[in-house]
2 protein chains.
Amino acid sequence: MTESTLIDAGGSAAGAGALLSILRDGRPRTRAELAQLTGWARSTLSLRLDALMHQRLVAPTDDAIHSGGRPATTFTFNQSARLVLAADLGVTHARLAVTDLATIPLAERTAEMPIDRGPEPVLTWLIETFRQLLGECGRSLADVCGIGVGLPGPVEHGTGTPVNPPIMPGWDRFAVPQWLSARLGAPVLVDNDVNIMALGEYWAVRSQVQHMIFVKVGTGVGCGIISEGRIHRGAQGAAGDIGHIRVPSFEEVVCRCGNIGCLEAVAGGGALAARLREAGEDASVSRDVVDLVRAGNVRAVQAVRQAGREIGMVLAWVVNFFNPSLIVVGGDIAEAGEHLLAGVREVIYSRSLPLATQHLGILTSELGDRAGVTGAAVMVIEHVLAPDVVDQAVTA
Amino acid sequence: MTESTLIDAGGSAAGAGALLSILRDGRPRTRAELAQLTGWARSTLSLRLDALMHQRLVAPTDDAIHSGGRPATTFTFNQSARLVLAADLGVTHARLAVTDLATIPLAERTAEMPIDRGPEPVLTWLIETFRQLLGECGRSLADVCGIGVGLPGPVEHGTGTPVNPPIMPGWDRFAVPQWLSARLGAPVLVDNDVNIMALGEYWAVRSQVQHMIFVKVGTGVGCGIISEGRIHRGAQGAAGDIGHIRVPSFEEVVCRCGNIGCLEAVAGGGALAARLREAGEDASVSRDVVDLVRAGNVRAVQAVRQAGREIGMVLAWVVNFFNPSLIVVGGDIAEAGEHLLAGVREVIYSRSLPLATQHLGILTSELGDRAGVTGAAVMVIEHVLAPDVVDQAVTA
DNA sequence: CCAGTTTTGCTTGACCATCGACATAAGACG
DNA sequence: CGTCTTATGTCGATGGTCAAGCAAAACTGG
């Protein structure tokens, strides 16, 4: 009978999602506070709180508030109620993580895994690795509420399928969500890797920032755009493709896209490596540029700083057009010290309007190479913990 | 008693807003169709439909659907249930209109009205003119559900007040909404004129287009940005300021903003006029440039086309970054024939990525100099007919 | 250990939104 | 003109929500 009352309590609690979204900031709150915040009667509130606690999404906090009489129990969002499987699949290597509902990693692994092995081999490995990671933290698939995947190419976010990816042979139109969810039994969300990195960085600053740009400077150059807290994907999901913007006075540089003077062909990691090799340095891929910079190679440092200036020029346009309050620079090259950022800052602050730059932050990625996997988790969490989804889960 | 039943029907109909947003597409629908679309019981649906009909926001359509039995009455959104007062205040002249809830103008007037007369004189004239226009269409202030105003400078949209406008002496921090709504007794929404023009153009294509850019080429150059059907204003409300992006190879041109090589100083109507005058033509303001082009003056036509190319260069960057599905070009200079658009198209299609341009439309403004006033009406309608606002109005 | 204080859980009755069923209205068709 | 079909209005039943009240719980302070 107690069992059935609990289920009944759950069955009547549409609107619990709104309650959860209040509690998701992590602050412990008493019933009285929650009743005031929601505007519900205490009885109604208790009903919905019960529903959320029955789902283990909310738990009573240990420390109670003493005010002379009976102490009020406080309640907080229970981050560890569910697990998220997050994957950031790059061109050559991958990072997988099992996180809780606050993106905190419980187990994580990076590995060499070339994306060009094709979808089935890569995703089979991904499932196996997720199983191992779950074992490491002693949890099971039953606790997993969703899977987020970032891919290094254009993804039609509605269906979660890659479309005409230039560097992912065999992946075109492969139905990643169906394939994975059939085998893992949880909803699967897929997006472009840069969008996901932007989302990951946004998560950390979401209370202060509404509009931001995440710039990834790796082998190529791309950016993720966040407008009013949502990813702007554009009409064909091709937004943020700043790598193929033509920059002035480089008309002789030919890009792999066939055009001339592309930012990527001027300031991308691949281009830097090629140019340094021509100058006699030992560099073939963007990682080598990072190593040279870390070793204090003057030519490499100068090249990276100059790349920062070229990228900064494009970003100065972006600042005037988009007026973000934050630009985060990430990717391999950005992680090779402050040189890239220095170049970026130098140009943006001299070129953009004061109104747009006076409150503009320009920072390196806080999450570094974890931005992608964090963003994949954020994508899942935002979806699974959205009020209407929670209502449905609680009512069912 | 019938009266009170009607009011009771209204009093219980939270959720009517959702129903209205279905009907707002203008298609007549039967009760059965609406019940299916909303998922409500027919009785519930009738209740809410009654509430909307009591507010005169929905009306039965004349033609019924015959299917063997009793014919089903169909219902449509009643555009003429309320009026909107829309104003597009420019630097030197203004356009005011009284429109219905589908932005159709019922009375309209343009007049010389320099914005630098200051807020109180201009707004007093505005109120008087609105009163006259209402008289012309035989309606009263009681039917007005909102007032929309576009101003030629930066506006903090949340409060509706201009902030540091460069060309509106006396307007800084003037509380336009309070001043007007105290005198007209309806909600007042204020925004930047370019944002409003973008909204006006968006309205006509909203069923096919999610992301678009409206470029205004008048004395200056600016653009309005629409992402997922919403205006993107940016962190300081300064988004879309492409007029002060630095374009290559014009480092000698000094802009009124103090910087060098600004797009506006190269391709704006004011700059074109100045350059044509230097060449011996009779031009002092951007309107004169339009007149020269219309008269077939070769120098003027070439100047405008070249301006189109310069603007197109910036827009090519914008296309790569933002990936809109539509670019609309408006403003004085754009209305001087297809010359500007030709220059814009030329550069965008040659410079941007095929993925981003293959489904990209580049058009001149359909609404022309009515874009602003239409957008002002749209701003009001979107606000007043938003589901939650309708629910509140119906329940009250 | 007891009185005071405040939270909490539970119950009750009232209210309201919603639904399903039934009766009635309105036109089509023979 | 009656019958058939479909649409629509009405009414009672159901269930969610709330306010109020009461008893129990849990801690403080004397």
Side-chain angles (χ1 to χ4, degrees), chain A residues 1-2 4-19 28-54 58-75 391-392 394-396, chain B residues 1-19 28-54 58-75 387-388 390-392 394-396:
Chain A
M1 252 320 172
T2 50
S4 83
T5 20
L6 280 170
I7 289 174
D8 285 359
S12 78
L19 180 57
R29 271 180 256 254
T30 66
R31 282 185 160 91
E33 286 170 339
L34 289 170
Q36 176 153 24
L37 283 168
T38 56
W40 301 332
R42 273 193 298 280
S43 49
T44 311
L45 178 97
S46 282
L47 223 59
R48 299 197 175 154
L49 208 51
D50 280 351
L52 290 178
M53 287 172 66
H54 194 243
V58 168
T61 318
D62 282 344
D63 44 73
I65 291 181
H66 301 262
S67 54
R70 173 176 175 169
T73 43
T74 55
F75 299 86
D391 281 356
Q392 221 180 329
V394 158
T395 313
Chain B
M1 248 327 172
T2 49
E3 188 64 25
S4 83
T5 20
L6 280 169
I7 289 174
D8 284 2
S12 77
L19 179 57
R29 271 180 256 253
T30 66
R31 283 184 160 90
E33 287 170 337
L34 289 170
Q36 177 154 23
L37 283 167
T38 55
W40 300 331
R42 274 193 297 279
S43 50
T44 310
L45 178 98
S46 283
L47 221 59
R48 298 197 175 153
L49 208 51
D50 281 350
L52 290 178
M53 287 171 66
H54 194 243
V58 167
T61 319
D62 282 343
D63 45 74
I65 291 181
H66 299 262
S67 56
R70 171 176 177 173
T73 43
T74 56
F75 299 87
D388 50 341
V390 171
D391 282 356
Q392 224 180 327
V394 158
T395 314

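The analysis underlying the following values was restricted to heavy atoms, covering all of them including side chains, and did not include hydrogens, waters or symmetry mates. Within every chain, numbering begins at 1; the chains are lettered A, B, ... in the order of the sequence lines, protein sequences first and strands thereafter. In this text the structure is predicted, and so the values were computed from the model without any measurement.
For B:D388, the CG atom counts as densely surrounded, since its 6.0 Å shell holds more than 12 non-hydrogen atoms of other residues, nucleotides or ligands.
Residues B:L37 and B:R29 are in side-chain contact: their nearest non-hydrogen atoms beyond the backbone lie under 4.5 Å apart. A heavy-atom distance below 4.5 Å is not found between the side chains of B:H54 and B:V394.
When heavy atoms are screened at a 4.0 angstrom cut-off, B:T30 is found touching no nucleic acid atom at all. Across all strands, B:R42 comes closer than 4.0 Å to base atoms (heavy-atom distances). Residue B:T73 is in sugar-phosphate contact alone, with no base atom involved, counting any heavy-atom pair closer than 4.0 Å across all strands shown.
Between B:R48 atom CZ and D:dT8 atom C1' there is a gap of 18 Å when expressed in whole angstrom units. Protein atom CG of A:L47 is 9 Å distant from nucleotide atom C1' of D:dG16, rounded to whole Å. Here C:dT7 presents its C1' atom at 14 Å from CG of A:L49, a figure rounded to the nearest Å. The interatomic distance linking B:D50 (CG) with D:dT10 (C1') rounds to 12 Å, in whole Å. Atoms CG (B:L45) and C1' (C:dG20) sit 15 Å apart, rounded to a whole Å.
Of the candidates D:dG9, C:dT18, D:dT17, D:dG9 carries the atom nearest the B:R31 side chain, counting heavy atoms from C-beta on. Nearest nucleotide to the A:A41 side chain, out of D:dT8, D:dC18, C:dG20: D:dC18. Across D:dG9, C:dA17, D:dT8, the shortest atom-to-atom separation from the side chain of B:S46 is found for D:dG9. The B:P71 side chain lies nearest to C:dG27 when the options are C:dG27, C:dT6, D:dC18.
Not one side-chain nitrogen or oxygen of A:R70 sits closer than 4.0 Å to the OP1 or OP2 atom of C:dT8. Within the structure, every side-chain polar atom (N or O) of A:S43 is placed at least 4.0 Å from both OP1 and OP2 of D:dC18.
Heavy-atom distances to DNA chain D give each of B:F75 and A:W40 a nearest nucleotide, and the one nearer the 5′ end belongs to B:F75.
Partners of B:A59 according to the side chain to side chain contact (heavy atoms under 4.5 Å, CB included) rule, which considers only residues two or more places apart in sequence or in another chain, are B:N78.
Considering B:T44, B:L52, B:V58 in turn, B:L52 is the only one that fulfils the side chain to side chain contact (heavy atoms under 4.5 Å, CB included) rule with B:L19.
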